[in-house]
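First comes the structure, then the notes that go with it.
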2 protein chains.
Amino acid sequence: MSDAASRRITQRDIARLAGVSQTTVSLVLNNRPGDETRIPRETRDRVLSVIRETGYVADPVARRLADRHNRILGVFTYEPVFPSATADFYHPFLVGIEECAERLGCDLLLLTSVPVIDGRRRIYHEANRLRLADGCVLLGRSLDRDELARLVSENFPFVSVGRRDDAGGPVPYVGTAYGPAVRALVERARALGHTRLAYLGHGEGAESLADRMVGFREGAGDLPVRHVRPTAGGPAEWLDALEGVTVVFAEEYADAVALVDEAFGRGLSVPADLSIVTLGDPTRPARTDIDFTGFRIPRREMGRQAIQVLTRLLEGGPLVQRLLPCELVVGSTLSGPAA
Amino acid sequence: MSDAASRRITQRDIARLAGVSQTTVSLVLNNRPGDETRIPRETRDRVLSVIRETGYVADPVARRLADRHNRILGVFTYEPVFPSATADFYHPFLVGIEECAERLGCDLLLLTSVPVIDGRRRIYHEANRLRLADGCVLLGRSLDRDELARLVSENFPFVSVGRRDDAGGPVPYVGTAYGPAVRALVERARALGHTRLAYLGHGEGAESLADRMVGFREGAGDLPVRHVRPTAGGPAEWLDALEGVTVVFAEEYADAVALVDEAFGRGLSVPADLSIVTLGDPTRPARTDIDFTGFRIPRREMGRQAIQVLTRLLEGGPLVQRLLPCELVVGSTLSGPAA
DNA sequence: GCCGATCGCTAATTCGTATTAGCACCCTTG
DNA sequence: CAAGGGTGCTAATACGAATTAGCGATCGGC
């Protein structure tokens, strides 16, 4: 393949052709105007014209090895991205990440090679290539606590997309302000007259889930609330468990869809008999024509800001922890309770 | 930031701790069982246990510099990906690419940093980082002829997603078999009784457009055809130009949507008054509830196969040129012409 | 006409890993 | 006991660019 014949051009080649040393070539390429060791115009032009003729471009690998950074940012996704169910959920984050990286002139290294172990991807493994990047963005609902701690202790610059608090040290993140969003929706339901509320979801574990639950409880205040876990059977069981409830807040969009289908199947009407509020975008595929009341996660903006925060961090800036507000969706699945 | 204190661990450190030389560490890490220079079990175990304790992982950059390849594949998109209009079109390719890369244990380098010059991205520029990858996949409707030729002449391994014939040499690609797909649709229209056909689109320039036109003409045979170029005004002008035509084949999905909207606005019905066939997926955002007759580009599969072809190429395999069949969509916008 | 200060450039080293050549030792064998 | 052949390891070097230290030549000042 890459025979001697097709060897790529190096600074040595340029140097030889221009009749100077490799050092000079490097200096011509790197000395910003106004630097101390300057090369006279004539020499500089000679070198530059050889570079232009040959079409030389510096080997980014060698460059990286020598000066300890390139403009490459890693993107690591914890959950396995395939089958593409979750891919759809993560795509908007990626779009925001790409958009910002493009603006900043950075390339992205998608760490797709990572092996899946116990249903979860691992950063640290035999052929870890994370360090090829200057820093990285971590995506995923639940990051591995130990790996996070290790990144922190090794001083590797990273930013988590999603709040993270369990790394035995402060973790830079750009997350979602679930609490206020859920709380606002609960308060709206109460303002409409609801008093029998339920939460459908885990409400614990990952920060994103716990944060929703906190908002839910804050909004509910003194009202008694019911907590239905999606692990307990399917939509039929959930709906049974919701007997007497007038409004349910569904952590997972796809669960809301399943619940509505079940309700329709029993001849119930939404929102007349039961109001349903969604607390985020589908992380599992969900087909529906219904315009749910709830909120959207500002995924694209989160991606954008994660890259911003990361690059600032790389420039020696402060460790940032930031929560972005959700966009409320009015929808048609929340109304006052039936009399 | 990366002070001496937080310097990352190297093979030298491991060597010192294990009381051996750096060479030995490298050998322990790289000697596959059954190699000639073998390290006795005792030494090997000692080194490995130090590695385990320290959590050492090899620096992928240095590795790459030394042995001339890593498992990183570049992904280059010619059209600017933002605003996200086009991002939606390219996403399925990426999903296929990622899926296959994951299976093969490769990481992906998204060349997002590329500057946009004259509305088009350029591979070759000052800080080109393409060569960090072992090879790359090129996406985009129209690739730059000169850059393609240069890649070929520099012997850089790449695969184009989409047929490409203008590089002054054979270009490996995984493309779409537009010709047969368009031809099949035209033949179906003729079988339904249509004799007054029109093509709405450029029909030339990029291979993907020219290939559609070839299929269209083959299908039309001796029938006279009308060619309406989308550059000539908007939907109103197009529809005027389609006077007397009973079926129109729209190169661009979004144009078909605009055309239908215009037709409805004039009280025409589709397909009763005018059949409309789409020739691919929207490259521009298009909102519609209509179930168009036409075909889908096997984008995900193209992405998958592009990576396969690329990796084979990297292993010294042959230069592959392959066209994938389209998936025909029956839809509801093609029927026999009105009497 | 000598000293010191530029100017213009280069040799040498560094980054971390892979690889090649080969050294020192022990173990046979004749 | 010398020659021959492993075994177990290491020194040296390569990869390609960036950077530091510094050399030789020219120039200015007195």
Side-chain angles (χ1 to χ4, degrees), chain A residues 2-4 6-16 18-32 34-47 51 54 56-71 126-132 134, chain B residues 1-4 6-32 34-47 51 54 56-71 126-132 134:
Chain A
S2 322
D3 315 49
S6 69
R7 229 190 72 258
R8 67 173 312 221
I9 299 169
T10 70
Q11 285 191 352
R12 269 174 73 144
D13 301 323
I14 303 296
R16 196 169 24 77
V20 295
S21 70
Q22 177 262 322
T23 305
T24 302
V25 177
S26 177
L27 288 176
V28 166
L29 284 172
N30 296 300
N31 265 2
R32 331 198 191 313
D35 225 341
E36 66 290 354
T37 40
R38 51 170 24 129
I39 308 291
R41 171 180 281 283
E42 198 187 342
T43 311
R44 177 183 300 272
D45 289 348
R46 189 152 33 94
V47 171
I51 287 177
T54 54
Y56 166 84
V57 273
D59 182 336
V61 179
R63 215 181 160 97
R64 161 76 162 139
L65 187 62
D67 75 0
R68 332 283 278 116
H69 66 280
N70 44 31
R71 296 181 67 80
E126 195 191 354
N128 174 296
R129 282 186 281 262
L130 187 59
R131 305 207 87 106
L132 223 157
D134 289 344
Chain B
M1 303 280 300
S2 322
D3 316 50
S6 69
R7 226 189 74 258
R8 67 175 310 221
I9 298 168
T10 70
Q11 287 190 351
R12 270 174 72 145
D13 300 322
I14 303 296
R16 195 168 24 76
L17 292 172
V20 295
S21 71
Q22 177 262 324
T23 304
T24 301
V25 176
S26 177
L27 288 177
V28 166
L29 284 170
N30 296 300
N31 265 1
R32 319 174 213 326
D35 226 340
E36 67 290 354
T37 40
R38 49 167 29 125
I39 307 290
R41 172 179 280 282
E42 198 189 340
T43 310
R44 177 183 301 272
D45 289 348
R46 188 151 34 94
V47 171
I51 288 177
T54 54
Y56 165 83
V57 272
D59 182 335
V61 179
R63 216 182 161 95
R64 160 75 161 141
L65 187 62
D67 75 0
R68 329 284 277 116
H69 66 280
N70 44 32
R71 296 180 68 80
E126 196 189 354
N128 173 296
R129 281 185 281 261
L130 186 59
R131 304 207 88 106
L132 217 156
D134 289 345

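Convention: sequence-line order gives letters A, B, ...; per-chain numbering from 1.
Atom CG in B:L65 sits roughly 12 Å away from atom P in C:dT17 (whole-Å rounding). Regarding B:R44, its CZ atom lies at a distance of 12 Å from the C1' atom of D:dG8, rounded to whole Å. Atoms CZ (B:R12) and C1' (D:dA11) sit 13 Å apart, rounded to a whole Å. Between B:L27 atom CG and C:dT17 atom P there is a gap of 14 Å when expressed in whole angstrom units. A:R16 places its CZ atom 19 Å from the C1' atom of C:dC9, with the value rounded to the nearest Å. Rounded to whole Å, atom C1' of C:dG16 lies 12 Å from atom CG of B:L29. Straight-line distance from the CG atom of A:N30 to the P atom of D:dA18: 4 Å, rounded to whole Å. With rounding to whole Å, A:I14 atom CD1 is found 9 Å from D:dA17 atom P.
Rounded to 10 degrees, the angle between the two end axes of the helix from C:dG1-D:dC30 to C:dG30-D:dC1 is 60°, with five pairs used at each end.
Nearest-nucleotide positions on DNA chain C place A:R46 closer to the 5' end than the other of B:Q11 and A:R46. If you find the closest nucleotide of DNA chain D to A:D67 and to B:G19, the one lying nearer the 5' end belongs to B:G19.
When the nucleotides D:dG8, D:dT10, C:dT19 are ranked by their closest atom to the side chain of B:V20, D:dT10 comes out on top. When distances run from any side-chain atom of B:P40 to the nucleotides D:dC9, D:dG16, C:dA18, the shortest one goes to D:dC9. The side chain of A:A66 lies closest to D:dA18 when the candidates are D:dA18, C:dT17, C:dC9.
Nucleic acid contact class of B:V25 (heavy atoms, under 4.0 Å, all strands): none. No contact: B:V61 has no heavy atom under 4.0 Å from any strand.
A sub-4.0 Å separation between OP1 or OP2 of D:dA18 and a side-chain N or O of A:Q22 is absent. Here B:T24 reaches the OP1 or OP2 of D:dT10: one of its side-chain N or O atoms lies under 4.0 Å away. Distances shown here put every side-chain N or O of A:Y56 at or beyond 4.0 Å from the OP1 or OP2 atom of D:dG16. The phosphate of C:dC9 (OP1 or OP2) has a side-chain N or O of A:T43 nearer than 4.0 angstrom.
In this view, A:S26 and A:N30 satisfy the side-chain hydrogen bond (donor to acceptor under 3.5 Å, both in side chains) rule, not counting sequence neighbours. The salt bridge (Lys or Arg N to Asp or Glu O under 4.0 Å) check on B:R16 picks up B:D13, with sequence neighbours excluded. B:T54 is linked by a side-chain contact (heavy atoms from CB on, under 4.5 Å) to B:I9, B:I14, B:L17, B:V50, B:Y56, counting only residues two or more places apart in sequence or in another chain. Looking at residues two or more places apart in sequence or on another chain, you find a side-chain contact (heavy atoms from CB on, under 4.5 Å) between A:L65 and B:V61, B:A62, B:L65.
Between the side chain of A:T23 and the base of D:dT19, a donor-acceptor pair under 3.5 Å is found.
Counting heavy atoms from C-beta on, the side chains of A:V20 and A:V25 come closer than 4.5 Å.
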